[in-house]
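The structure under discussion appears below in the form of structure tokens.
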Amino acid sequence: MNLFADIRNAVLEALNALQADGTLPEGLDYANVAVEPPRDAGHGDMATNAAMVLAKPAKMKPRDIADALAAKLADDPRIQSAEVAGPGFLNLRLDAAAWAGIVRAVLVNGADFGKSDMGQGQKVNVEYVSANPTGPLHVGHTRGAVFGDALASLLDYAGYDVTREYYINDGGAQVDVLARSVYLRYLEAHGQEVTFEGGTYPGDYLIEVGEALKDRVGDAYVDQPEEVWLEDVRNMATEAMMELIRVDLGMLGVQMDRFFSEKSLYGTGKIEAAIDSLKAKGLIYKGVLEPPKGKVPEDWEPREQTLFKSTDHGDDVDRPIMKSDGAWTYFAPDIAYHYDKISRGYDLLIDVFGADHGGYVKRMKAAVSALSDGRVPVDIKLCQLVKLFKDGEPFKMSKRAGTFITLRDVVDEVGPDVTRFVMLTRKNDAPLDFDFDKVLEQSRENPVFYVQYAHARVCSVLRKANAAGIAHDDATLADADLAGMTDEAELALAKKLSEWPRLVEIAARSNEPHRVAFYLYELASDLHSLWNRGNDKPELRFLQEGKPAETQSKLALARATAVVISAGLAILGVTPAEEMR
RNA sequence: GCACCCAUAGCUCAGCUGGAUAGAGCGCUGCCCUCCGAAGGCAGAGGUCUGAGGUUCGAAUCCUCAUGGGUGCGCCA
């Protein structure tokens, strides 16, 4: 139930009536007519720009349209007053019963209050993390994991049919490097001295893989050439790393619907099929690329390559899909992978990348556009860098020493709930500072705590009501008499609740789950201010001693707030706290 | 050199398909509390939304250019 959508419908009906009686000309486009909360609460509960938007097409003065619209809307029982203001806004004040209705709707619908049907059940594929299977996930991956997961939940809540997917880069050269690294650990397990050269991975996490290999094959691979062991070790190592990654994701509560292997595209004709599809559209050709201007690589020499004509679909230069030795470039399997997603019938694709893949966006969009003939939109979200701090001091990571901070380090230190919430308190394309001490602070400046505390306070009140023998199940509270809900702090809270369904749609439309986190902070803030007001005005306290009926009315609002906080946190993947310690 | 992202209060950041006097936290100033709902509360000051043009009834928001910062740029994924 979205009150703003309901009132917008009322406005549109009134506009239709005005067209019917000849006040307005026929055939007006309502697309830009909006009903939204005004910035200033003094302007009323809702405002519509209808008069200003329609003034030009109707060839009328905004004021005249607004006056006529106000007269029509006066008939609506939900609308207490409608007055024209400013350049032509129509400010609406709603009947007090509307806010009581919101509280009831929350209690009756529970976590479903706020769900939207804007997705219309469309199939969306959200691809995220997709880290190379060469080691444990680090902080950068963590942000992508949290962001992608929350986005997927948000879209699900907004009525989309969502698939969470991880693309395993197990077909390229980097898994060969992984295999060689494991092989070194294997030799080490046999007592040999080894050095990690040629970009091999020195991390400790491969020691046990090397030992496991020794346990399985004994000394069969010792002093043998790569042809003997590479494929076997690669498969084993990749599997071990994916197991590691699955466990890491599990620590964060991330559960993928599907892991898609790049390797499964090779030798199965899938890459060829995707490229053939582009070939059939005349988008594959052999040619020579210009060197990049301003920064010519030292070993540059013109070469003929097989190219994808991505410039036909918005890219800046055409991109190579095949190396000079006839092998595919990394781009070719990526094309095939997206071709596979398209052929699985998705209406919308979303890729979550790290910011260092920004240069990859245009060619990927071009590929999807070409493969789907422009039918399937793809939104690529880039997650910016995470900077770690400890007590205000930057936390240095050294790749050389292998001391990079992993997802596991972060979750072990602050827990999954704090990790997730903090990662979502910034827009995805803005850099994020993560301070191990600040995120655990119990104060207003820490949004994680502030939101959790609001929920815990409501739980505490309900526990006390329980002890006092007051019925406080949602059905009972939904029937409570809310006529006494008249204080401005109470109304502000109820109004904030009414914005939840609208916020869900806005956040989902822009694929920005951080908006949920900010909304929850505002909602918590409104609950805390009502609570604080109870200090001065005992009649505003949620527990009214000796007055069970009054207490139930107060509890209705408190419980409704907790329900929405809980629903919002569920989208972020955060567990609501029952009590603070 | 080119592409993409970013620039909002002293600091860290929000700001809806373009809406009214641009918001929050911190910091600052003043007041309140110091057993009973203060892991604080209330109020206030603080802005050329990087700059210059443009579109519009209306621009922090859209377009162009400039400046400053980040990321990336043909056989690595």
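Order of the sequence lines sets the chain letters (A, B, ...), proteins ahead of strands, with each chain counted from 1.
Distances from the side chain of A/N532 to the nucleotides B/rA20, B/rA14, B/rG41 place B/rG41 closest. Nearest nucleotide to the A/M580 side chain, out of B/rA39, B/rG15, B/rA77: B/rA39. Which of B/rC16, B/rG72, B/rC75 sits closest to the side chain of A/R502 comes down to B/rC16. Closest to the A/D429 side chain, of the nucleotides B/rU17, B/rG25, B/rC6, is B/rC6. Here B/rA39 is the nucleotide among B/rU56, B/rA39, B/rC76 with the atom lying nearest to any side-chain atom of A/Y453. Ranking B/rC4, B/rC16, B/rA20 by closeness to the A/K362 side chain, first place goes to B/rC4. When distances are taken from the side chain of A/E445 to each of B/rG25, B/rG15, B/rG74, the shortest belongs to B/rG25.
Side chain A/D315 to base B/rA3: no donor-acceptor pair is found below 3.5 Å.
Nucleotides B/rC13 and B/rG1 have their P atoms positioned 29 Å apart, rounded to a whole Å. B/rA7 sits 15 Å from B/rU48 when the C1' atoms are compared, rounded to a whole Å. When the P atom is used for both B/rC65 and B/rC4, the distance is 10 Å, rounded to whole Å. Distance check on atom C1': B/rG68 versus B/rU8 gives 15 Å, rounded to whole Å. Using atom P as the reference point in both B/rA59 and B/rG19, the two lie 11 Å apart (nearest Å).
Between A/K387 and the phosphate of B/rU12, there is no side-chain N or O to OP1/OP2 separation shorter than 4.0 Å. Taking side-chain N and O atoms only, A/K427 has a distance below 4.0 Å to OP1 or OP2 of B/rG15. The shortest distance between the side-chain N/O atoms of A/R533 and the OP1/OP2 oxygens of B/rC42 is not below 4.0 Å. Taking 4.0 angstrom as the limit, A/R426 places a side-chain polar atom (N or O) nearer than this to OP1 or OP2 of B/rC13. One finds a side-chain N or O of A/H514 lying less than 4.0 angstrom from the OP1 or OP2 phosphate oxygen of B/rG15.
Side-chain contact between A/D526 and A/L497 is absent, with no heavy atoms from C-beta onward closer than 4.5 Å.
Remark: A/K390 qualifies as a cation-pi partner of A/F436 under the 6.0 Å distance and 45° angle criteria applied to the six-membered ring. A cation-pi geometry, defined here as NZ or CZ lying under 6.0 Å from the six-membered ring centre and within 45° of its normal, holds between A/R502 and A/F4.
Look at A/H357 and the base of B/rG72; the rings do not stack under the cut-offs of 5.5 Å between centres and 30° between planes. An aromatic stack links A/F89 and the base of B/rA20, using centre distance under 5.5 Å and interplanar angle under 30°.
Regarding A/Y337, its OH atom lies at a distance of 17 Å from the P atom of B/rA77, rounded to whole Å.
Here the two rings, on A/F260 and A/Y337, have centers that are under 6.0 Å apart.
Around atom CD of A/E304, more than 12 heavy atoms belonging to other residues, nucleotides or ligands sit under 6.0 Å away.
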